[in-house]
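Numbers restart at 1 for each chain; the letters A, B, ... are given by sequence-line order, proteins then strands. Atom set for the values below is all heavy atoms of this structure, side chains included, hydrogens, waters and symmetry mates excluded.
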2 protein chains.
Amino acid sequence: MSNVTIKTLAKELKLSTGTVSKALKDSHEISSETKLRVHELAKKLNYVVNPYASSLRKRKSKTIAVVLPEVADSFFSLAINGIESVAQTKGYHVLIYLTHENFLKEKEILNDFKSGRVDGVLISVTSETKDSTHICELLSSDVPVVFFDRVFDDIETAKVTTNDFESGYIATKHLIEKKCKRIIYLSISEDLSIINKRMDGFKKALMDHRLKMSENDIVYCSNDEYKNFDIIKKRMSVNPKPDGIIISVEKLTIPVYAVCKELGLKIPAKVKIVSFSNLASAFILDPALTTITQPAYKMGEAAAALLFKALEKPNFQIRKQQVVLPSVLTIRKSSL
Amino acid sequence: MSNVTIKTLAKELKLSTGTVSKALKDSHEISSETKLRVHELAKKLNYVVNPYASSLRKRKSKTIAVVLPEVADSFFSLAINGIESVAQTKGYHVLIYLTHENFLKEKEILNDFKSGRVDGVLISVTSETKDSTHICELLSSDVPVVFFDRVFDDIETAKVTTNDFESGYIATKHLIEKKCKRIIYLSISEDLSIINKRMDGFKKALMDHRLKMSENDIVYCSNDEYKNFDIIKKRMSVNPKPDGIIISVEKLTIPVYAVCKELGLKIPAKVKIVSFSNLASAFILDPALTTITQPAYKMGEAAAALLFKALEKPNFQIRKQQVVLPSVLTIRKSSL
DNA sequence: ATAATTTACGCAACCGGTTTCGCAAATAAA
DNA sequence: TTTATTTGCGAAACCGGTTGCGTAAATTAT
């Protein structure tokens with residue numbers, strides 16, 4: 001840690017620390033000559049302001065938090081890219097926290113933010129999050145919160161999402177047009193609103209096209225990838241066997257392909273697949289994967305932009321902000 | 001931001017702030033009765049210590065930085081998982097910085113760390129990094145630095161890597177055994193030591209098996225994925241045409257597959273491929289991809305563990321630490 | 001009963017900037 | 001020339017914990 005503080009500069013230049021501080025910040029109170037001297041010495045000694053002293057006094061940390069279920073997921077890693085790029089141009093620092101889909105961890109993490117550690121929070125909630133008091137408490141501590149992707153519906157705060165219902169509908173309709181008669185929907189949570197919206201779109205499409213659906217056509221997977229393989233395999237082996245699958249979340253794609261391989265179910269001949277996924281490798285999969293791709297990077301950018309707007313303009317009505325960016329269906333071999 | 005400070009508690013309990021502070025930290029100086037009262041009120045009022053005040057005084061931030069070229073890469077996202085999980089158990093916070101392979105950004109970012117913002121740094125350098133003074137300066141400011149994966153050889157500090165030379169050798173040998181006669185190596189940097197070590201392994205394997213190699217069998221790609229497609233396509237169209245490819249970095253896999261598709265080069269019939277990659281989807285690619293997989297999560301864990309050891313034990317000789325974790329070759333259809 | 005410790009807490013300096021206020025000197029206005 | 005204003009800087013409080021030191025009271029040892 002650097003030992004050259006504002007006092008070092010002050011002593012060397014025979015100025016007060018206040019003057020040095022003001023000079024460094026280009027205050028009008030200081031003569032341009034003094035400013036020059038201060039800046040020169042600062043550069044020479046490689047002075048860097050102590051962020052903790054500064055944050056303590058100013059009650060601003062120039063830091064935001066990003067709270068995510070995980071990072072080994074194309075959507076989230078792209079979103080982080082978007083967030084980080086905006087943060088970097090704004091001169092903000094980014095603290096990252098992974099909840100691993102654990103609600104208690106999410107609570108703990110958010111609770112810490114009441115300390116003033118961060119000026120704002122970007123969050124995608126866990127698949128377990130049913131209760132929102134931890135978020136409300138943060139908001140009432142005046143820490144702005146922006147949801148992205150995995151939002152919590154009942155809270156009034158900024159949200160950046162994609163058109164989940166519509167995408168679910170479009171994905172399903174696509175499979176129906178490809179003559180699928182029995183389409184199943186793979187979910188990971190009963191509570192996650194975006195997953196349920198996609199599911200609602202799925203159900204609506206089935207209804208509109210007068211296709212039957214039974215209880216076990218909604219398949220709930222877990223956070224354990226090994227279990228998921230078994231869960232999916234089981235459903236694929238049971239009558240009425242599906243000839244179409246909507247995968248609501250990227251990480252289930254691999255077990256689905258694996259199960260189909262193991263059961264000798266040819267994709268797309270025996271079963272057609274559409275996946276909500278940002279996998280860059282989608283088009284070189286065997287077979288190439290039809291995807292609903294979310295604008296992950298842009299969503300990250302948008303969420304960060306909203307947050308910074310709130311941080312910069314105190315009267316910005318962040319709670320009312322809603323951004324919906326469209327996902328796109330890219331048809332590839334897996335559904336043809 | 002919470003407005004309940006240590007003063008709030010002190011006033012309410014008719015104690016001094018010092019006493020409250022000590023009570024909260026379970027100091028032996030304080031009677032257990034007082035501790036109880038303090039803790040109870042703290043919980044009741046949901047008191048959270050102000051990290052900036054605390055860090056300022058203690059000259060410890062309980063925060064580490066992770067500096068990466070990018071995050072949309074399976075290796076790095078898995079490594080972050082490893083790092084974050086260790087950090088969370090140690091009660092540390094993680095600041096994340098992306099350099100986007102930009103050396104100047106890396107310099108700027110590291111320079112800021114002289115401020116004491118972080119207690120330590122985990123870094124994977126950019127592909128442009130030839131100079132290490134920015135890192136040396138940090139080290140001389142007594143900020144411990146641990147390299148992982150993309151190390152800078154000439155600096156004496158902790159490093160966590162994988163057996164790159166050996167892996168390059170094994171990958172190449174594997175292709176040779178599969179009767180490849182003209183193997184090319186895709187690189188992304190002339191300077192990145194791990195890429196060059198892999199390349200040295202590649203060259204050594206060719207030598208050992210008396211295979212010819214010419215200058216343009218080392219193909220330097222860029223950071224621009226569109227350019228990479230063209231670069232690779234060009235090399236694949238020029239004599240002597242390769243019948244084997246070693247891809248030294250995950251992100252080049254997709255353009256390689258795309259080029260082969262476009263040129264009608266069947267994998268593995270016409271050209272066999274091995275890629276250094278942590279792609280979870282490797283085995284469902286078309287064709288399934290033979291990979292050298294790095295122990296990304298474990299490398300992240302190991303790097304973090306080293307750093308925390310250095311932070312916890314001041315006399316720990318972190319500069320001498322070298323951890324080498326083995327990568328594994330998984331043979332799949334792309335090289336058969 | 002007296003002396004020596006121990007216990008439990010308060011006081012105040014301190015971490016390193018930031019910011020308000022005050023004031024003397026310099027400049028402009030009258 | 002006198003008064004009003006502006007300019008440039010210093011003094012000091014402040015942000016919210018942390019910590020060394022001092023001390024009165026309680027406890028223990030002698």
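Atom NZ of Lys62(B) and atom C1' of dT18(D) are 16 Å apart (whole Å). Atoms CG (Leu56(B)) and C1' (dT18(D)) sit 10 Å apart, rounded to a whole Å. Distance Leu9(A) CG to dG10(D) C1': 17 Å, rounded to the nearest Å. Rounding to whole angstrom units, CZ of residue Arg59(B) and P of dC14(C) are separated by 13 Å. In this structure, Lys35(B) atom NZ and dT7(C) atom P are separated by 12 Å, rounded to whole Å. The NZ-C1' distance, from Lys60(B) to dG17(D), rounds to 16 Å in whole Å. Computed from coordinates, the Leu15(A) CG to dC9(D) C1' distance equals 8 Å when rounded to whole Å. In this structure, Tyr52(B) places its OH atom 15 Å from P of dT18(D), rounding to the nearest Å.
In this structure, Lys14(B) reaches the sugar-phosphate backbone alone: every heavy-atom distance under 4.0 Å involves primed, P, OP1 or OP2 atoms, never a base. Among the heavy atoms of the strands lying under 4.0 Å from Thr34(B) are primed sugar atoms or P, OP1, OP2 only; no base atom is included.
Counting distance only, with no hydrogens placed and no angle test, the side-chain atoms of Arg57(A) and the base atoms of dC14(D) include a donor-acceptor pair under 3.5 Å.
For Ser16(A), the side chain to side chain donor-acceptor pair (under 3.5 Å) partners at least two apart in sequence or on another chain are Thr19(A). Every residue two or more places apart in sequence or in another chain that forms a side chain to side chain contact (heavy atoms under 4.5 Å, CB included) with Asp26(A) is listed here: Lys35(A), His39(A).
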Identify every side-chain donor-acceptor pair in residues 64-87 of chain A under 3.5 Å, counting partners at least two apart or on other chains, and give the distances.
residue, atom, partner, partner atom, Å
Asp73(A), OD1, Phe75(A), N, 2.8
Asp73(A), OD1, Phe76(A), N, 3.2
Ser74(A), OG, Glu250(A), OE1, 3.4
Ser74(A), OG, Glu250(A), OE2, 2.8
Ser77(A), OG, Asp73(A), O, 3.1
Ser77(A), OG, Ser74(A), O, 3.3
Glu84(A), OE1, Gln88(A), NE2, 3.4
Glu84(A), OE2, Gln88(A), NE2, 2.9
Glu84(A), OE2, Leu98(B), N, 3.0
Ser85(A), OG, Asn81(A), O, 3.4
Ser85(A), OG, Gly82(A), O, 2.9
Ser85(A), OG, Tyr297(A), OH, 3.1

For residues 316-323 of chain A, dump all side-chain donor-acceptor pairs below 3.5 Å to protein atoms at least two apart in sequence or in another chain.
residue, atom, partner, partner atom, Å
Lys320(A), NZ, Glu156(A), OE2, 3.2
Gln321(A), NE2, Gln317(A), O, 3.3

Show me the donor-acceptor pairs within less than 3.5 Å that the side chains of residues 118-125 of chain A make with the rest of the protein, sequence neighbours left out.
residue, atom, partner, partner atom, Å
Asp119(A), OD1, Ser61(A), N, 2.9
Asp119(A), OD1, Ser61(A), OG, 2.9
Asp119(A), OD2, Ser61(A), N, 3.2
Asp119(A), OD2, Lys62(A), N, 2.8
Ser124(A), OG, Phe148(A), O, 2.7
Ser124(A), OG, Arg150(A), N, 3.2

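Axis angle, first five pairs versus last five pairs of the helix from dA1(C)-dT30(D) to dA30(C)-dT1(D): 40°, rounded to 10°.
Across all their heavy atoms, Phe147(B) and Ile135(B) have their closest contact at CZ-CD1, 3.6 Å.
Within the structure, ring-ring contact (aromatic ring centres under 6.0 Å, His included) contacts touching residues 79-107 of chain A (residues at least two apart or in different chains) are Tyr92(A)-Phe308(A), His93(A)-Tyr97(B), Tyr97(A)-Phe113(A), Tyr97(A)-His93(B), Phe103(A)-His134(A). Residue pairs satisfying the salt bridge (Lys or Arg N to Asp or Glu O under 4.0 Å) criterion with at least one member in residues 13-23 of chain B, sequence neighbours excluded, are listed as follows: Lys22(B)-Glu29(B).
Ranking dT19(D), dG17(D), dT18(C) by closeness to the Asn50(B) side chain, first place goes to dG17(D).
Looking at residues 18-31 of chain A, you'll see Thr19(A), Lys22(A), Glu29(A), Ile30(A), Ser31(A) sit with a heavy atom under 4.0 Å from some atom of DNA chain D.
Distance alone, capped at 3.5 Å, is enough to place a donor-acceptor pair between the Thr162(A) side chain and the Leu325(A) backbone.
Between Lys7(A) and Ser32(B), the residue whose closest nucleotide on DNA chain C is further toward the 5' end is Ser32(B).
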